[in-house]
Amino acid sequence: MLLCLAPLTASAQSFRVQCPTSTITHPTAAQNDSEPAYTAPTTQSVGTRGYLVPTANVNGAIKCQQISGGDGYATMADGTQTYMFSFGPLSGLAKIASGQPGTDSPSEFNTPNPPLHVLLPGDPATTVDASLGNLSSFTYNGAVGQVPDLDNGGAINGHVDPRQMMDVGVMNGNIPAPLMAIDEDDEYFLTLSNVGMIMRPDLFEQHTVHFHGYPNASAFYDGVPDASVAINIGASFTYYYLAPDAGTYFWHCHITPPEHLQMGMVGQLYVRPRQDRVTGSLYAGLQQQQLDLRTKCDSTTDILCSNPLPAGGATANTATGAATVLHGGTSGYAYNDGDGSTYYDVEYPIQIHGFDPNFHFVGMTFNPEGFADMKDKYFLLNGRSYPDTVTAGPLETQSADGVNHFSQPLPSIINIPAGKKALLRISDLDVSEYQTLASLGIPMKVIGYNAKLLRDQSGNNLYYNTNSITLAGGESLDVILDATGYTAGSVFYLYTPNLDHLSNDAENFGGLMTEVHVN
């Protein structure tokens, strides 16, 4: 009887997605696809139903994303195919393939896949040839599987075709997990759909999303299964977050964290500051934020104040290079600094991680995993070891389903226009090692630590220049590389001085290293 019930249980899928076009906080659908200029905090009053509703200056927008929880393979720089427990993209596929965050606006997310283009296992890797840079032929960024609900007049309401989700989500693991990026004041809806771990059918693994260190997640959405929920195979769950604090964060599965982190279920999230959308004086914009109780920073009463007004008062807005930057370009500010000191021209997310090949092998072959003996032998920047770190475009891996997948979509090579600045958003979710990165030739200016601007309670910047930084698992740093005075064509290295980390398992001259090119 149990054998008869098993296939019925497996087929009872309850996948759903969620991306509202309007909410209580963002009531006008037509305004929620793009970021408005920031002029003043949102004002609110009690509405007819007894809760607070916005009355003026509705800031931010709605952002959505869908990811799969399952398994997959990645290719290490020595050619070894490595098995992973992993997250993969189920929305923003074209963005992810081109190295961008997979985060969508409601109109992007709620666009069904064109009927004449059936998504295939491995898409977009099976549709485009990454080796030729031919990524423009695949343009779909909507939620995979979302289809019109014919029982409700063809409405787009989160109804899905599970076949599409399984076709694309199975064996579609990414390392690092799909990149996420939102703006302060946004509402973020993240749907996790657990498609199952095909190579380990004996494991009924649940998965969650835990935004590590994120400041405002309620316990229900925090992803720690003891205090929230865990998502079973064949089910979906939509996490909801607000975005009050700019900075570089990271996220991971919180089911058996030492195992699932080691196996690859780690990713990065960053929050862009309101200052990107301020019109006029940056300092005046920062003063306006002091009127918002969510982000007010009174250094005389709040010892946890992380963003006090810059020292120097109103004259701080005369800093060079601090022109207003609207959302959508490649340049911006790392934080709401008020003086333009965190301005950058290009930004690069850098996720540090490590793999223990033995742990991954026994994880695939039904053997007991050696937690006490865990020892990383592959050292990864955005899922790649040198020389793969400087390979442009997504890396493909042929998985057990016989098709290629973009297993490592995020390049690690850093290109800085001559005379410009690059922001490196460096995060580490390594399980067993401290990691050090050194920069020769271009000093690193550290401006933020664990998503907090380096500034004291008197408003003095505590940024510092260094040639190396060290992170433990669960830490992040915001670093600016300034190419002023460097000639185009210059090449520098960002690498670890830990010599045993400059290897791909038994192969030397690899590991934790990438190149910085001045263009």
Could you tell me whether Tyr240 atom OH has more than 12 heavy atoms of other residues or ligands within 6.0 Å of it? yes
Under 4.0 Å between a side-chain nitrogen and a carboxylate oxygen: does that hold for Asp339 and Arg455? yes
Please determine, by modelled atom types, if Tyr38 and Gln275 share a side-chain donor-acceptor pair under 3.5 angstrom. no
Between Asp71 and Met171, is any pair of side-chain heavy atoms under 4.5 Å apart? yes
Answer yes or no: is there a donor N or O on one side and an acceptor on the other, between the side chain of Asp376 and the main chain of Glu433, under 3.5 Å? no
Might you point out which heavy atoms bring Tyr386 and Asn504 nearest each other, and give the distance in Å? O-ND2, 3.2 Å
Looking only at the side chains, is there a donor atom on one of Thr80 and Asp78 sitting less than 3.5 Å from an acceptor on the other? yes
Under a 3.5 Å cutoff, is there a donor and acceptor pairing between the side chains of Ser193 and Ser68? no
Which atom pair, heavy atoms only, marks the closest approach of Ala97 to Leu135? O-CD1, 3.4 Å
Apply side-chain hydrogen bond (donor to acceptor under 3.5 Å, both in side chains) to Thr342 and list each qualifying residue two or more places apart in sequence or on a separate chain. Asp337
Keeping Thr389 on the side-chain end and Met513 on the backbone end, is there a donor-acceptor pair under 3.5 Å? yes
Distance in Å, Asn467 CG paired with Ile442 CD1, rounded so as to fall on 0.5 Å steps: 13.0 Å
Rounding to 0.5 Å, atoms CG (Asn404) and OG (Ser399) come to a distance of 8.0 Å
Are Val271 and Asp245 packed together at the side-chain level, in the sense that at least one heavy-atom pair is separated by less than 4.5 angstrom? no
How about Thr191 and Thr238: does a side-chain donor come under 3.5 Å of a side-chain acceptor? yes
Using the rule given for ring pair (Phe, Tyr, Trp, His ring centres under 6.0 Å), can you reason through Phe371 versus Phe359, listing the C-alpha separation, both sets of side-chain angles and the distance that settles it, and then say yes or no? CA-CA 8 Å; Phe371 285 88; Phe359 195 93; 5.2 Å; yes
Side-chain touch Asn460/Pro310, heavy atoms, less than 4.5 angstrom: no
Can you give me the closest heavy-atom contact between Ile426 and Ile352, atom names plus distance? CG2-CD1, 3.8 Å
For ring pair (Phe, Tyr, Trp, His ring centres under 6.0 Å), just list the numbers for Phe355 and His360, CA-CA rounded to whole Å, side-chain angles, deciding distance to a tenth of an Å, and then say yes or no. CA-CA 8 Å; Phe355 275 174; His360 285 250; 4.1 Å; yes
What about Trp251 and Tyr214, are their ring centers closer than 6.0 Å? no
dist Gln100:CD -> Asn141:CG (nearest 0.5 Å) comes out at 10.5 Å
Tell me, do Ser476 and Phe250 make a side-chain contact under 4.5 Å, heavy atoms counted? yes
Any donor-acceptor N or O pair under 3.5 Å, side chains Tyr463, Ser341: yes
Between Tyr464 and Leu454, is there a side-chain heavy-atom distance shorter than 4.5 Å? yes
Between Asn415 and Asn519, does any side-chain donor sit less than 3.5 Å from a side-chain acceptor? yes
Whether Glu108 side chain and Ser105 backbone form a donor-acceptor pair below 3.5 Å: yes
Which atoms form the tightest heavy-atom contact between Gln66 and Val17, and what is the distance? OE1-CG1, 3.1 Å
One should read off an interatomic distance between Tyr343 OH and Ile447 CD1, to the nearest 0.5 angstrom, of 13.0 Å
Backbone N/O of Thr397 and side chain of Gln81: donor-acceptor pair under 3.5 Å: no
Taking Tyr241 for its side chain and Tyr221 for its backbone only, find out whether a donor-acceptor pair lies under 3.5 Å. yes
Under 3.5 Å: donor-acceptor pair, side chain of Thr496, backbone of Leu437: no
Can we say Lys375 and Asp356 salt-bridge, meaning some charged N sits less than 4.0 Å from an Asp/Glu carboxylate O? no
Is the closest basic N to carboxylate O distance between Glu347 and Arg425 below 4.0 Å? yes
Contact summary for Ile96 and Pro101, nearest pair of heavy atoms: CD1-C, 4.3 Å
Could you tell me whether the side chain of Leu192 reaches within less than 4.5 Å of the side chain of Tyr239, counting heavy atoms only? yes
Going through the checks in order, is the side-chain contact (heavy atoms from CB on, under 4.5 Å) test met by Met76 and Gln408? CA-CA 10 Å; Met76 300 293 99; Gln408 294 130 290; 4.1 Å; yes
By the definition salt bridge (charged side-chain N to carboxylate O under 4.0 Å, His left out), identify the one residue from Glu187, Glu35, Glu184 that meets it with Lys63. Glu35
Spacing of Lys377 atom NZ and Asp505 atom CG [to the nearest 0.5 Å]: 5.5 Å
Determine whether the side chains of Asp33 and Ser107 contain a donor N or O and an acceptor N or O closer than 3.5 Å. yes
Does the side chain of Ser91 pick up a donor-acceptor pair with the side chain of Gln65 at under 3.5 Å? no
Residues Phe85, Met197; criterion side-chain contact (heavy atoms from CB on, under 4.5 Å); working and verdict: CA-CA 7 Å; Phe85 302 167; Met197 294 163 57; 2.9 Å; yes
Salt bridge or not for Asp104 and Lys95, using N-O below 4.0 Å? yes
Between the side chains of Tyr378 and Ser503, is a donor N or O closer than 3.5 angstrom to an acceptor N or O? no
For Asp388 and Ser385, does a side-chain donor sit closer than 3.5 Å to a side-chain acceptor? no
Between Leu471 and Asp430, is the side-chain contact (heavy atoms from CB on, under 4.5 Å) condition met? List the steps. CA-CA 9 Å; Leu471 296 89; Asp430 200 288; over 6 Å; no
Donor-acceptor pair, distance only, cut-off 3.5 Å: does the side chain of Asn498 make one with the backbone of Asp500? no
When the ring centroid of His260 is compared with that of His207, is the distance short of 6.0 Å? yes
With distance as the sole test, does His210 use its side chain to make a donor-acceptor pair with the main-chain N or O of Asp222 at under 3.5 Å? yes
Would you please say whether a donor-acceptor pair under 3.5 Å links the side chains of Gln435 and His353? no
Of all heavy-atom pairs between Ser439 and Leu494, which one has the smallest distance, and what is that distance? CB-CD1, 3.9 Å
Checking Arg277 against Asp185 for the salt bridge (charged side-chain N to carboxylate O under 4.0 Å, His left out) test, could you report, in this order, the C-alpha distance in whole Å, the side-chain angles of both residues, the deciding distance, and whether it holds? CA-CA 11 Å; Arg277 314 190 308 270; Asp185 300 303; 3.1 Å; yes
Side-chain donor or acceptor of Asn110 paired with backbone N/O of Cys19 under 3.5 Å: yes
Return the CD1 to CD distance between Ile233 and Gln206, rounded to the nearest 0.5 Å. 9.0 Å
Are Met265 and His252 packed together at the side-chain level, in the sense that at least one heavy-atom pair is separated by less than 4.5 angstrom? no
Find out whether Thr75 and Thr82 are in side-chain contact, i.e. whether some heavy atom of one side chain is under 4.5 Å from a heavy atom of the other. no
Check for a donor-acceptor pair, side chain of Arg384 on one end and backbone N or O of Thr391 on the other, with a separation under 3.5 Å. yes
